[in-house]
Peer 1: 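Sharing a structure with you now.
Quick note: numbers below take in every heavy atom, side chains included, and nothing from hydrogens, waters or symmetry partners. A, B, ... follow the sequence lines: proteins, then strands. Residue 1 opens every chain.
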Amino acid sequence: MALQKNFYRRETLTVAKQLLGCFLMRKIGRKVIRARITEVEAYIGEDDLACHASKGRTKRTEIMYGEPGHAYVYMIYGMYHCLNIVTEKKGYPSAVLVRAVANSCEYVHKSREWREIHGVKTDGPGKLCRFLKIDKKLNGWDMTKGEKLWIDRPTPRLRSGEKVIANKRIGVDYAKHCRDYLWRFSLDYSK
DNA sequence: TATACGATCACCT
DNA sequence: GGTGATCGTATAC
């Protein structure tokens with residue numbers, strides 16, 4: 001069962017932290033890929049100078065003003081895509097950037113048996129989109145439908161010994177005081 | 001219409 | 001640590 005709108009319609013920092021440990025699901029043809037989310041970042045409102053919506057409502061940022069649970073996919077540096085999930089109530093521009101997923105698993109329609117994929121780099125926002133074939137065609141996609149692209153929450157979400165840590169966001173040095181917000185969250189395994 | 005630059009990555013030293 | 005690739009978007013003219 002895909003996570004529903006109620007999950008995404010809450011405070012962005014809460015959604016971001018609770019997405020850690022969840023499975024990013026991607027169905028391509030008869031193949032399903034399941035990738036555990038290990039790092040995210042929050043981008044919250046027009047006052048967040050690192051958020052694309054700090055420029056206001058434009059054609060590009062329109063999706064962030066829309067329904068929670070939809071995908072916001074944009075191209076960066078002319079060659080990579082980044083996947084975000086829109087959060088909070090409609091009209092409030094905010095989203096969670098999926099920065100990294102762990103070793104991916106996949107099954108093909110016939111086998112229904114999960115197996116790990118080796119040698120795939122999914123430890124960056126551009127890399128995971130390249131691997132999961134996420135591009136602007138999925139911009140605006142409703143991720144609560146459980147088709148093509150969605151999120152599943154396992155039970156338990158966090159495994160033994162795991163905890164959530166907060167750090168500064170990456171690549172937003174231009175964002176004045178907002179660059180120092182501790183809005184990047186990762187799974188941590190050390191004690 | 002023209003220009004500057006970015007929520008990145010891979011490869012180099 | 002530093003840099004080039006490469007193009008959509010916002011902004012300036």
Peer 1: Determine the contact category for A:Gly126: base if any of its heavy atoms lies under 4.0 Å from a base atom, sugar-phosphate if only primed atoms, P, OP1 or OP2 are that close, otherwise nothing.
Peer 2: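 Counting heavy atoms under 4.0 Å across all strands, the contact made by A:Gly126 is with sugar-phosphate only.
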Peer 1: Can you check the distance between C:dT3 and B:dC5, where both ends of the measurement are the P atom (answer in whole Å)?
Peer 2: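 Pairwise P distance, C:dT3 against B:dC5, rounds to 15 Å.
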Peer 1: Atom CG of A:Leu128 to atom C1' of B:dA7: distance rounded to whole Å?
Peer 2: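 Taking atom C1' of B:dA7 as the reference, CG of A:Leu128 is at 12 Å.
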Peer 1: In whole angstrom, give the distance that lies between atom NZ of A:Lys121 and atom P of B:dT8.
Peer 2: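 In whole Å, B:dT8 P and A:Lys121 NZ are 18 Å from each other.
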Peer 1: With no angle test and no hydrogens, is the base of B:dA7 tied to the side chain of A:Tyr74 by a donor-acceptor pair under 3.5 Å?
Peer 2: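 Flag set: donor-acceptor pair detected.
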Peer 1: Closest to the A:Tyr77 side chain: C:dG8, B:dA7, B:dG6?
Peer 2: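 The answer is B:dG6.
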Peer 1: Charged N to carboxylate O below 4.0 Å: is that the case for A:Glu67 and A:Lys5?
Peer 2: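 A salt bridge is present here (some side-chain N lies under 4.0 Å from a carboxylate O).
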Peer 1: Rounded to the Å, how far apart are A:Lys55 NZ and B:dC5 C1'?
Peer 2: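 Result: 10 Å.
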Peer 1: To the nearest Å, give me how far apart NE2 (A:His81) and P (C:dC7) are.
Peer 2: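 That distance rounds to 11 Å.
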Peer 1: Evaluate the side-chain proximity of A:Val98 to A:Asn84: yes if any heavy-atom separation is below 4.5 Å, no if none is.
Peer 2: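 No, too far: nothing below the 4.5 Å cut-off.
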Peer 1: Tell me which nucleotide among C:dA5, B:dC9, B:dG6 gets nearest to the side chain of A:Met79.
Peer 2: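 Within the option list, the nearest is C:dA5.
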Peer 1: Would A:Arg34 count as a cation-pi partner of A:Tyr107, with NZ or CZ less than 6.0 Å from the six-membered ring centre and within 45° of the ring normal?
Peer 2: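 Ring-cation test returns no.
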Peer 1: NZ of A:Lys127 versus P of C:dA5: gap in Å, rounded?
Peer 2: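 These atoms are roughly 20 Å apart.
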Peer 1: I'd like to know if A:Arg9 pairs up with A:Glu88 as an ion pair, taking the criterion as any Lys NZ or Arg NE/NH1/NH2 lying under 4.0 Å from an Asp or Glu carboxylate oxygen.
Peer 2: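 Between A:Glu88 and A:Arg9 there is no salt bridge, as every charged N stays at least 4.0 Å from the carboxylate O atoms.
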Peer 1: In whole Å, what is the span from the CZ atom of A:Arg60 to the P atom of C:dT11?
Peer 2: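 From A:Arg60 CZ to C:dT11 P: 10 Å.
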Peer 1: Hunt down any stem DNA chain B takes part in, defined as 3 or more consecutive Watson-Crick or G-U pairs whose two distances are each under 3.5 Å.
Peer 2: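 Runs of three or more consecutive pairs: B:1-6 with C:7-12, B:8-12 with C:1-5.
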Peer 1: Check every atom of B:dT8, B:dC9, C:dA10 against the side chain of A:Thr58 and return the nucleotide holding the closest atom.
Peer 2: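 Selected nucleotide (nearest to the side chain): C:dA10.
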Peer 1: Taking the six-membered ring of A:Trp141 (Phe, Tyr or Trp), confirm whether the NZ or CZ of A:Lys145 is under 6.0 Å from its centre and within 45° of its axis.
Peer 2: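 The answer is yes; both the distance and angle limits are met.
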Peer 1: For B:dA7, does OP1 or OP2 lie under 4.0 Å from any side-chain N or O of A:Arg179?
Peer 2: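 So the side-chain polar atoms of A:Arg179 never come under 4.0 Å of the phosphate oxygens OP1 or OP2 of B:dA7.
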Peer 1: Do A:Glu41 and A:Arg99 meet the salt-bridge criterion of a basic N to acidic O distance under 4.0 Å?
Peer 2: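 A salt bridge links A:Arg99 with A:Glu41.
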Peer 1: Take the protein atom OH of A:Tyr43 and the nucleotide atom C1' of B:dG6, then report the distance between them rounded to whole Å.
Peer 2: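 In whole Å, B:dG6 C1' lies 11 Å from A:Tyr43 OH.
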Peer 1: Under 4.0 Å: is that the gap between some side-chain N or O of A:His52 and OP1 or OP2 of C:dT9?
Peer 2: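 False: A:His52 side-chain N/O out of range (4.0 Å or more) of C:dT9 OP1/OP2.
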Peer 1: Distance check: side-chain N/O of A:Lys136 vs OP1/OP2 of C:dT9, anything under 4.0 Å?
Peer 2: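 Checking C:dT9 against A:Lys136, a side-chain N or O does come within under 4.0 Å of OP1 or OP2.
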Peer 1: Rounded to whole Å, please give me the gap between CZ in A:Arg184 and C1' in B:dT8.
Peer 2: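 After rounding, the gap between these two atoms is 14 Å.
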Peer 1: Would you be so kind as to tabulate the donor-acceptor pairs closer than 3.5 Å made by side chains of residues 69-81 of chain A, with sequence neighbours excluded?
Peer 2:
unit_1  : atom_1 : unit_2   : atom_2 : d
A:His70 : ND1    : A:Gly140 : O      : 3.3
A:Tyr72 : OH     : A:His52  : ND1    : 2.7

